Amino acid sequence: MVENNVDTTGYTLFWFHRLMIFYGLLFVVVEGLALLDLGVSPYAGDVFHETPLIIYFFHFVIDYAEIVFMMADALTAVALYLAVKDYNKTVFRKQKYALEAERYPLDCLELIRTPKEMYYIPLKVAMFYLLNPFTILSCVAKSTCGLNNAVIALFILCTVKGSSLMSAIFLALATYQSIYPLTLFAPALLYLLQRLYIPVNWQRSSFWLFTTQYTFMYLGSLCVMVCLSFFLLSSWDFLSSVYGFILSVPDLTPNIGLFWYFFAEMFEHFRLFFICVFQINVFFYTIPLSIKLKEHPIFLIFMQIAIISIFKSYPTVGDIALYMAFLPAWNHLYRFLRNIFLVSVVLLACSALFPVLWHLWIYAGSANSNFYYAITLLFNVAQILLVSDYFYAYLRREHHLTHGLYLKRKDGSEATLVLK
Amino acid sequence: MGLLSDPNRRRALTKLLTRLNAPICVMCYLAGVAWFMGLAFEPFTLRTYMSENAMGSTMVEERFPAGERALATGREFAAHKKKVGGMPVDWLVKTMQSRGLEVFTQSFTRKLPFPDENKERYMVRGTNVYGILRAPRAPRTEALVLSAPCSEGNNNNQAVGLLLGLAQYFRSQIHWAKDIIFLVNEHDLIGMQAWLEGYHHTNTTGGDWSPLQGRGGSIQAALSLELSSDVITSLDLVLEGLNGQLPNLDLANLFYAFCQKIGVLCTIQGKLQRNDWDTTSGYSHAAQTMMLMVLKQASGRPWGDHGLFLRYHIEAASIRGINSFRQYKTDTTTIGRLLEGMYRKLNNLLERLHQSYFFYLMPSLSRFVSIGYYMPAFGLLAVILLLRALDLWVQLGASPPGTEDGVAGGVQPSSPGVLSILTPVVISHMTGVALYTLPILSQEMAVQHFPVSETEAVVLTAIAIYTAGLALPHNTHRLLQGEGTEEGWRVLKLVALLYLAVLLGCTALINFSLGFILALSLVPIAAFITPHTPKALSAAIMVLLSPGCTLLYCVFVFQELQETPVSLQDGWMLFLSVISQGILDHALYGSLVYPLLALLIYPCWLLLWNILFWK
C-alpha cells in the first residue's frame, strides 16, 4: 500500500488511520474493487477481507461513499429509536398487567417505571448512538462497521416489531457479514416466542413448530446469501478469506481487542488451541445467559452485542458504539449499578490514552506495544465490568420486584444482597 | 473483586476515603513533591550503561588527524560567508565536491506569521547544502547525518570547518556501511525543518521548499555540531527535542563513553558532574541539573538543531562546544576524534537504537531516572484529582441518604440540567479558541490602532485575551437556568476534575515535565476550590497558580538555575519573548505546547474559576 518506505510520516499516518478503526476500512474495499475490475479475485491480495455482497454494494455506491456511511448511521439511529420505542411500550404494558394483577410487592412502587421517565428514552438511545464520539470516528474513517451496525439495528427493529421473516433475514445478513451475530439467534427466537405467547417448553409442539420455522428461515436466507456470493464471484475463495480471516486471526495489527498481542507472543504450536479458546469465549456465554434471561430477550440482545464487541477477533470502536447506544434504555437500573463511576472514569481515560500511546509507540517510537496493550487490557476489563454491572443490576431489580425492595434478615435487621 | 462486589466492604472503604479525603490529598501532594525532589538523590538513580550490543563491546580506534586543517577551512568558510553576506553556497558546493561527496542544495523560503524579534527574521530565504558520502560496504539503505548550522555573525564557523574536515577524512576510510550525510543548514531550525520535510516527502507546517535531488537511506541517527571557538573547555550535550521528546538514552551513553575515553570534559545542561552526592551542595547541584532538564523539556521546544529529527523517529542530539575560563583546553583534533569514534560506533548499528530508555531525566550525565521511577511522582499528584472526584461523587449520591447500595435510596435528586454544565464548558473552550486564534489573526488591526510592533501586538493580545477570560465566562449558566444549585457546581467540579486528570495524564505520558509542572500548580486549586471558600483570597491564589503565572515563575526559576538571574523588568520582557517563541514554535515546527495550553489547559482552569464564582 505504501510506495515509498522513506516516507515515514505518510507511513505512520496510514497506521494512525488504522488505529482509529483497524478493520474494515473503505480503502481496503477500494483495493478489492480495483482487483475485481482487473478481473482478479478480490481476495487474491492479502488486504481485502470483506464479503462479496459488500464489494458489489460498493461497486454501485463507491462515488457516494461518504453519504452511504452517514446514511447507515442515520438508519441505525432511526431503527434503534423505533425499536426502543416499541420495546418500551411492551415493557410498560407488561408492567401494567402485573400491577393490575398485584404481582409486585407493595414496597416496590418506587421501582415501577413511569411513562414520564420513559418518554425520552428512545430519543436518548438514538442520540447516544449518533453523538457518540466512537460512532463519529467510525463514520469519518469510513469503516464498514457502520453498515454492520445498521444491519444489526434493523434486525433488532424487525424482531421487536415481531416480523419473524424480516428478523431472520437481517440476522442472516449480519451473520453473513461477520459470523458473530450468530449468537443473537437465541434472544431473537426467545423474543418472538414471547410475543406469540408460546412458552419455552420442550414438550409443546407449538414451541418446536415455531423454532423450526425460524431456524429454517434463518438458515435459508443465510444459504441464499452464501450462494449468491458464490455466483457473483464464481469461486468459494471468499469463505476462507472472510470467515477464515475472522476465525483464525492471521492479522495481528494492533487494535482495541485482546487477540493481537496475545497471539503475537504465542508459540506457534499452541496457536490453534488458544484460538479455539478465545473464539469459544464469544459463543460460550450464549447458553447460560439465555437460560438466565429467557424472560428478557431484549436485555439478552444487549448483553450479546456487548460480549461480541468485547471478545470478537477484530473489534472496532464502532462495535462499542452500538451496544453503548442501549445504555439509556437501562436508565432505571442506575440505582443498582455499583461501579459505574469507576468504570466510566476508566473508559474515559482509556479512550483518551489510546491515541496518546499509539502516538508514542508508532509515531514517536519512544513507547512500545506493552504500553498500548496495557491500556487495551484495561479498556476491556472496564467494558466487562460495565456489562457485568448492568447484568447484576438487571437481575437485582427483578429480584426486588418479586421479593420486595426492603429485604429483612430472619432476625429483622436490614439485609444486603451479596454477589459472590 | 470482593472489594468491588461486597457492599459492606465497599461502604467501609468509601467512608474511609471520604472522611480522610483532605488529609490524604495533602499527604499525596507532599509525597509527590518529595518523590520528585528525591529523584536527584544519587542512591535513588541508576548509573547509565550501554544497552545496545552493536555499540558496546566493539573496539574503535580514532585517528582523525586534521584538526588544524579543519580550523583553516573554517576560517576560509568565515571569509566567504562574510563576502556573500550569508550562506556561501557556491563555495560550499565546490569544497564538498572536492572532498568527494555527492553534493546537493535545497532552497527554501518561509514567511513567519509575525516577526521573530529574538532572531530578527520575518521573511526567511535560505539554502541548505548537503553532501552524501555513499557507503562503500553495504547497500545504501541506511544513513547517518552530521549537521552544522551556518549561523549569522561569527558563530559556528569552526563547526562547519570540522564537518568538512571529517567529510574529507571519512571519505578515505572504508568502514562505512551507512551513507553519511554532511549537512550545512541555514537559518537553524527553519532550514532543518525544510530539509527534513524534503527528505521525508512531508509537509506538515506549510513551508515552501524545493524538493531534494539526492537522498541516502533511511536515517538512523543524527548529530548536530555547534562550535564557535578554536579550542574548547568542555562539550555540552543537548537532548531535548520538539515536544519534549528525547533521543534514546544510548546516544547519550555513547557520547559520555567517548568523552571518558578521550578525556574531554562533558556537561549536560552546562553543568559538570560532581562526585560529592552525599553533601548538600552536591545534591543541590544534581537537583538543579535535573530541574533544568525538566524546564527545558516542559517548554516543548527544540533546544538545538537536532530537535526536529526526533519527530521522524531518528535519534539525534546536539553537541555544543563551550569555551570558558578553565585552564584545561581541548583542541579541534580531539573533538574530531570524538566524533569519528561516535560515527564509527553508530555505523556498527544493526537496527535503530531501541534497547535503552526513551523516557528519562538526567540529574547528571552518568545518572538517569527512568519512567518507572519518576511516574509515581506524577501519579501521586494525579491521584488527588481522582480522590476528590470520588469524594464529590459520593457526596452527589449521598444527598438523599445512602444510595450507596441502591436499596435505601429515596427519590433521585433532581439532577442539574445538562445545559447548566454545558454552558460554562462551551464558553471556556470558546475563550480557549479565541486565545489560540485571535493573537495572530488580529495583529494587523492591533498594529494599526496601537503603537506596538507586530510581535508585541501578538503577545499582548494573547495576554489581553487571557486576562479577559477571567472576567467573561463565569455565571453564564444563570442566563439559562436561573440560580445555580449546590449540585450544579458539584457536577461541574466533577467534570472539571476528571477532565483535568485525563488531560494531565495524557500530557505527562507524552511530556512528563510539562505534565508534572502543570499538575504541581493546577492540582491544589482543582482539589480545594469551592464556591464557599473566601472569595478574594481564593481568587488571588487561583490567579497566582494559573497556567500563565506558572509560565512566569518557570522563566524566573530557569534563569536562576542557569546562574543568570534577571531583574523583574528583564524577567517580564523574557516572559513576553517566551510567549512569542511558543507561538512561533507552534506555527513553524508544530510544537504542541501552545495549543495544549490555550485550547485545553486554560479552559480547564477557567472551569475551576467558574466554580469559585458559582452563584
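FYI, side chains are in, hydrogens and waters are out, and symmetry mates aren't considered; it's all heavy atoms of this structure. Naming: A, B, ... by sequence-line order, numbering from 1 per chain. Quick caveat: nothing in here was measured; it's all calculated off a predicted structure.
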Side chain / backbone / both / neither for B/Ile371 at chain A, heavy atoms under 4.5 Å: side chain
B/Leu17 vs B/Thr14 side-chain heavy atoms within contact, under 4.5 Å: no
A/Asn380 side-chain N/O to A/Thr376 backbone N/O, donor-acceptor pair under 3.5 Å: yes
Side chain / backbone / both / neither for B/Ala389 at chain A, heavy atoms under 4.5 Å: both
Engaged part of A/Ile340 at the chain B interface, taking heavy atoms whose separation is under 4.5 Å: side chain
Contacting region of B/Ile510 [heavy-atom separation from chain A under 4.5 Å]: both
Choice from A/Asn368, A/Asp389, A/Leu353 maximising heavy atom contacts with chain B below 4.5 Å: A/Leu353
Greatest number of heavy atom pairs closer than 4.5 Å to chain B - which of A/Val345, A/Val356, A/Leu348: A/Val356
Minimum-distance pair of heavy atoms, taken over all atoms of B/Gly300 and B/Ser591: O-OG, 3.6 Å
Structural part of B/Leu494 lying under 4.5 Å from a heavy atom of chain A: side chain
Side chain A/Gln95, main chain A/Arg113, donor-acceptor under 3.5 Å: yes
Region of A/Ala367 that comes under 4.5 Å of a non-hydrogen atom in chain B: both
Distance-only donor-acceptor check, side chains A/Tyr261 and A/Asn370, under 3.5 Å: yes
Test item: B/Glu315 side-chain N/O and B/Leu251 main-chain N/O as donor-acceptor pair under 3.5 Å: no
